[in-house]
Amino acid sequence: MKFRKEKEEFNEGGIVLFKEVSHAIRGEKVVRGKGYEVKLVAPPPELRMGCDLALEINLVEQAGIERLLKNTKTPYVKVVPVKKETSELLEIVLITDFGEWIMAKAGNMKLTFAKESRRIVNISGGGCPDIPYLHAQLVGKTLAEAPRPRELGYTLCAMMLDRAFVRCLNI
Amino acid sequence: MLIAGTLPEGKMPLTIGEVSLTDTLLAAGGRTFGCTQGTGTMITAALTVTGYFGLKPPHVIVAGDMGDGKGTKEIYQHLPELIDKIKPRVLVLHYCLPVMAFLKRLCTSVRNLPDKPFMIADAGAMYAAKAAGLASDFDIFTPDPSEMAFLADPLATHPAYVSKHLFSGNIEEVPAQIAAAFMNKAAAKLLLVKGKIDHIAVSGKVLAIINSPDIPHLEPIGGTGDTITGLVSALIYAGLDPAHAAIIAAKTNRTAGLFALPTPATTAVQIIEQFPLVLGQYWQEWTSNQLIATLTAR
């Protein structure tokens with residue numbers, strides 16, 4: 001039993017909007033060059049913010065693709081879900097006080113640190129493959145010395161973890 | 001039983017084989033890998049239970065993936081062939097980059113099998129199954145409350161894009177979210193929602209809730225959801241019916257938390273170490289009809 005090699009319509013839910021066609025073409029080259037599956041498309045009229053060309057992506061890979069565009073100085077307007085009724089990226093961060101520890105929860109991600117040492121003691125939640133890696137990179141470090149999850153991660157889970165991390169920095 | 005998932009070890013090639021535990025490392029296909037994160041934690045939990053009952057250890061198909069999807073792609077390319085070869089009774093899909101196209105191809109392959117395996121998904125595989133509209137191909141999902149909100153949101157393709165009104169953190173809203181997800185065909189046949197209160201629902205209706213022992217410090221511990229997925233998978237492999245397996249999985253995890261005296265800095269492996277003690281002490285009591293009658297009479 002093997003996968004059928006058929007051409008499927010790429011539709012993984014995210015779209016990068018650009019101001020100019022040249023930026024979209026450059027974006028496609030940069031992102032595809034790093035192995036991401038992408039497709040140049042016409043943005044839906046309700047999402048159009050600049051030019052008539054946009055880049056369809058797997059929305060889950062938003063963090064890695066945005067970092068790549070920024071690092072290569074490829075101008076883009078923003079990344080949005082294709083379905084216009086979809087809610088915006090969650091911004092709520094909930095805090096739980098465990099006495100000696102504080103847990104910050106953003107979306108499906110939770111980060112917990114010790115109040116006195118400000119050392120990260122645990123990360124839980126999430127389902128994307130960069131989360132176990134981020135757990136290994138962050139746990140045991142203080143909030144001041146730990147890397148930002150968005151600098152190492154590729155996925156929406158990493159973006160949610162970054163929100164929890166930033167909230168902890170401000171506690 | 002076959003378990004598929006990624007590992008946070010970028011250079012780990014595709015690895016297939018029967019799994020074993022040596023000291024602090026898992027081993028399969030001539031390679032070793034960590035047991036403290038994600039798929040490794042889930043495999044360790046399942047292996048501990050199969051070991052306790054003297055069952056054949058799980059087969060695994062794993063590959064390193066740091067989030068760029070390379071390991072995920074390798075796993076899903078080889079999974080249909082492996083399923084065809086070893087014909088697992090239970091198939092568990094875990095951490096992976098949620099790529100809907102991969103899940104679509106896999107489910108198409110599995111549907112054509114004469115003996116379809118019992119299908120369990122958690123983590124990235126569950127996200128992809130829901131986003132691709134394939135949730136009803138699965139027998140069990142094991143979401144936490146934030147992931148339950150994601151399943152209940154018909155437009156979200158990832159928990160990060162859940163509607164704010166669904167992301168309240170209010171555990172009392174879980175039964176309504178279960179019903180909504182089932183109505184939208186965004187739920188597996190059985191949902192084991194793991195949280196402060198564990199909900200076990202079949203066909204959109206809550207069959208049992210488990211709220212004791214209440215161990216708040218389990219929530220911040222990374223992997224305590226993965227342990228439940230490993231538990232329920234192994235218990236189904238051991239022959240329990242799905243609802244009974246889900247109830248005992250939830251009870252075992254909580255009681256292991258009680259035995260481990262955890263703090264938020266405890267590791268999931270320290271919880272798993274308690275499983276044999278918990279099963280030794282409570283298995284007979286929990287497999288009596290009394291437990292099922294009590295929990296499902298609510």
Side-chain angles (χ1 to χ4, degrees), chain A residues 1-4 8 10-14 34-37 58-64 81 83 85-92 94 96 98 100-101 103 105 107-110 112 114 121-136 139 152-160, chain B residues 6-8 10 37-40 65-72 77 80-81 83-84 95-101 104-105 108-109 112 122-127 131 144 146-147 150 153 155-164 167 169 216-217 219-225 263-266:
Chain A
M1 182 178 17
K2 289 191 174 154
F3 288 141
R4 280 182 298 162
E8 289 187 8
F10 179 65
N11 185 15
E12 297 277 347
K34 282 289 177 186
Y36 289 100
E37 186 171 357
N58 182 346
L59 188 59
V60 172
E61 297 178 306
Q62 181 174 346
K83 291 180 192 166
E85 303 89 352
T86 304
S87 300
E88 291 181 359
L89 202 60
L90 270 174
E91 290 186 356
I92 309 164
L94 303 173
T96 305
F98 283 110
E100 292 175 44
W101 302 271
M103 179 177 77
K105 178 180 178 182
N108 55 337
M109 293 308 310
K110 288 164 266 190
T112 305
V121 297
N122 241 315
I123 288 170
S124 63
C128 293
D130 45 358
I131 295 306
Y133 173 68
L134 288 168
H135 185 288
V139 171
L152 294 179
Y154 293 84
T155 67
L156 287 171
C157 287
M159 287 179 76
M160 287 294 100
Chain B
T6 58
L7 301 171
Q37 298 296 322
T39 304
D65 192 326
M66 313 294 271
D68 56 11
K70 287 176 186 162
T72 300
Q77 274 176 339
E81 199 173 349
I83 292 168
D84 204 27
Y95 273 79
C96 66
L97 191 71
V99 179
M100 292 181 254
K104 285 176 187 168
R105 289 176 205 153
T108 302
S109 299
N112 293 330
D122 184 39
M126 178 175 69
Y127 301 174
D144 69 12
S146 69
E147 292 166 336
F150 157 65
D153 187 334
L155 292 168
T157 54
H158 186 279
Y161 278 99
V162 165
S163 171
K164 288 186 187 73
F167 181 71
H217 283 173
E219 187 182 4
I221 299 172
T224 46
T263 72
T266 297

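Values below: every heavy atom of this structure, side chains too, minus hydrogens, waters and symmetry copies. Proteins come first, then strands; the chains are lettered A, B, ... in the order of their sequence lines, and each starts at number 1. This is a predicted model, so every value here is computed, not measured.
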Under a 4.5 Å heavy-atom cutoff, which of A/Thr96, A/Leu90, A/Ile131 has the most pairs with chain B? A/Leu90
Any side-chain to backbone donor/acceptor pair from A/Glu12 onto B/Val99? Under 3.5 Å, distance only. no
Option that, when pairs with chain B are counted at under 4.5 Å, heavy atom only, ranks first among A/Val139, A/Leu134, A/Leu152, A/Ile123: A/Ile123
Which answer fits B/Thr6, side chain, backbone, both or neither, if we ask what part of it has an atom under 4.5 Å from a heavy atom of chain A? side chain
Comparing A/Cys157, A/Pro129, A/Ser124 against chain B, the one with the most heavy-atom pairs below 4.5 Å turns out to be A/Pro129
Contact class of B/Tyr127 relative to chain A, heavy atoms under 4.5 angstrom: side chain
Top of B/Pro264, B/Gly10, B/Pro216, B/Ala265 for chain A proximity - count of heavy-atom pairs under 4.5 angstrom: B/Pro264
Is B/Thr266 close to chain A through its backbone or its side chain, or both, or neither, when contacts mean heavy atoms under 4.5 Å? backbone
Count the heavy-atom pairs under 4.5 Å between each of B/Gly40, B/Gly223, B/Gly69, B/Ser146 and chain A, then report the option with the highest count. B/Ser146
Please confirm whether the backbone N or O of B/Asp65 pairs with a side-chain atom of A/Tyr133, one donor and one acceptor, at under 3.5 Å? no
Closest contact, heavy atoms only, B/Thr263 versus A/Trp101: CB-CH2, 3.7 Å
Highest number of heavy-atom pairs under 4.5 Å with chain A: which of B/Gln37, B/Lys164, B/Lys70? B/Gln37
Is chain B contacted by the side chain of A/Glu61, its backbone, both, or neither, given a heavy-atom distance below 4.5 Å? side chain
Highest number of heavy-atom pairs under 4.5 Å with chain B among A/Ala136, A/Gly64, A/Pro81, A/Gly13 belongs to A/Pro81
Check the pair B/Phe150, A/Asn108 against side chain to side chain contact (heavy atoms under 4.5 Å, CB included), reporting the backbone distance first and the verdict last. CA-CA 9 Å; B/Phe150 157 65; A/Asn108 55 337; over 6 Å; no
Go through the atoms of B/Asn112 and report whether side chain, backbone, both or neither lie under 4.5 Å from a heavy atom of chain A. neither
Part of A/Gln62 within contact of chain B (heavy atom distance under 4.5 Å): side chain
Quick check on the interface: out of B/Gly38, B/Ser163, B/Ala156, B/Gly225, who has the most heavy-atom pairs with chain A under 4.5 Å? B/Ser163
B/Asp144 versus chain A, the contacting section by heavy-atom distance below 4.5 Å: side chain
How far apart are the closest heavy atoms of B/Ala123 and A/Gly126, and which atoms are they? CB-O, 4.5 Å
Quick one: of B/Met126, B/Glu147, B/His217, who has the most non-hydrogen atom pairs under 4.5 Å with chain A? B/His217
Look only at the side chain of A/Asn58 and the backbone of B/Pro98, and say whether a donor-acceptor pair between them is shorter than 3.5 Å. yes
Under a 4.5 Å cutoff for heavy-atom pairs, which residue among A/Met159, A/Lys34, A/Lys110 has the most contacts with chain B? A/Lys110
Shorter than 4.5 Å, heavy atoms on both sides: which option in B/Thr157, B/Thr72, B/Ile221 has the most such pairs with chain A? B/Ile221
Indicate yes or no: at least one non-hydrogen side-chain atom of A/Cys128 is less than 4.5 angstrom from one of B/His158. yes
Taking every non-hydrogen pair under 4.5 Å, which of A/Asp130, A/Thr155, A/Val60, A/Asn122 racks up the most with chain B? A/Asn122
Considering only heavy atoms from C-beta outward, does the side chain of A/Phe98 approach that of B/Pro220 to under 4.5 Å? yes
